[in-house]
Amino acid sequence: MLIDQTELIQSTPVCGGLRRETLQLILSQSEELDIPEDAFFFREGDAGDCLYVIKSGTAVVQRTWQDKTIVLARIGPGDCFGEMSLIDLQRRFAAVKAETDCSVIRVPYTALMKLCQVDMEQYAMVMMNLGREVSRRLRIAGERLFRYQQELGQQWFDEELAFDA
């Protein structure tokens, strides 16, 4: 089972460049879960203490707005989710719900803290990979926002999100 998990997790973007021993350390602290269709991994606003890697099945990332569910993404085997809360230590930004029966690896925050104590270089690699994944998703969200603004023929600016490009 650990070998199958190691091969799966090694193929995910957040584990790129990690040594096999590092992956085995992380997995030794992790657990495999089966989540039934329509069950929530977590809900928007929950405390975040782990990330998940999907072994099989699909899930949807969703938010609620004006009592309506908005699907933000559909994720499947090899994808990870829940990483934002491990980086910024904030509550969950969105809910993730099993669209089909899912088999996942749950990687707790404590596994990453253990890695930090044992091998700071590999921990830094994990955090850089997590940052890259969040950045990739942010670029997708930014492109969607840009297209949406163009379709509406409007532009707006939120002072809260001011930054230098």
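One-based numbering along the sequence shown.
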### Query
What's the verdict on side-chain contact (heavy atoms from CB on, under 4.5 Å) for Arg136 and Arg132, showing C-alpha distance, side-chain angles and the deciding distance?
CA-CA 6 Å; Arg136 183 186 70 79; Arg132 285 184 187 112; over 6 Å; no
Is there a side-chain contact between [X] and [Y] (heavy atoms, below 4.5 Å)?
X	Y	answer
Gln122	Leu115	yes
Val61	Arg74	no
Leu25	Leu27	no
Glu99	Glu37	no
Met84	Gln90	no
Gln24	Ser28	no
Val118	Lys114	yes
Val53	Asp79	no

### Task
Answer yes or no: does atom CD of Glu143 have more than 12 heavy-atom neighbours from other residues, nucleotides or ligands under 6.0 Å?
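For Glu143, atom CD is crowded (more than 12 foreign heavy atoms under 6.0 Å).
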Look up atom [atom1] in [X] and atom [atom2] in [Y], then write down how far apart they are to the nearest 0.5 Å.
X	Y	atom1	atom2	answer
Ser85	Tyr109	OG	OH	11.5 Å
Met127	Ile87	CE	CD1	5.5 Å
Tyr123	Gln117	OH	CD	10.5 Å
Leu112	Leu130	CG	CG	7.0 Å
Tyr52	Ser103	OH	OG	13.0 Å
Gln29	Cys50	CD	SG	14.0 Å

Heavy-atom pair of closest approach, residues [X] and [Y]:
X	Y	result
Pro77	Ser56	CG-CA, 4.1 Å
Thr100	Thr58	OG1-N, 2.9 Å
Ala94	Phe42	O-CE1, 3.3 Å

Is there a path of hydrophobic side-chain contacts, each under 4.5 Å between heavy atoms of I/L/V/M/F/W/Y residues, joining [Y] to [X]?
X	Y	value
Phe93	Val71	no
Phe40	Trp65	no
Leu145	Leu138	no
Ile140	Tyr148	no
Val134	Leu86	yes

Is the backbone N or O of [Y] less than 3.5 Å from a side-chain atom of [X], with the two atoms forming a donor-acceptor pair by type?
X	Y	answer
Arg92	Glu44	no
Asn129	Gly16	yes
Ser30	Ile26	yes

### Task
Show the numbers, then the answer: is there a side-chain contact (heavy atoms from CB on, under 4.5 Å) between Glu32 and Val104?
CA-CA 6 Å; Glu32 190 171 329; Val104 298; over 6 Å; no
### Task
Quick one: do Asp88 and Glu83 satisfy side-chain contact (heavy atoms from CB on, under 4.5 Å)? Show the steps, please.
CA-CA 9 Å; Asp88 65 12; Glu83 73 289 336; over 6 Å; no
### Query
Out of Arg63, Gln62, Arg137, which one pairs with Leu72 under the side-chain contact (heavy atoms from CB on, under 4.5 Å) rule?
Arg63
### Query
In terms of ring plane angle, is the pair Phe41 and Phe81 parallel, tilted or perpendicular, where the classes change at 30° and 60°?
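Perpendicular, since the angle between the ring planes exceeds 60°.
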### Task
Carefully, step by step, assess Arg144 and Arg147 under the rule side-chain contact (heavy atoms from CB on, under 4.5 Å).
CA-CA 5 Å; Arg144 287 180 183 164; Arg147 288 181 184 177; 5.9 Å; no
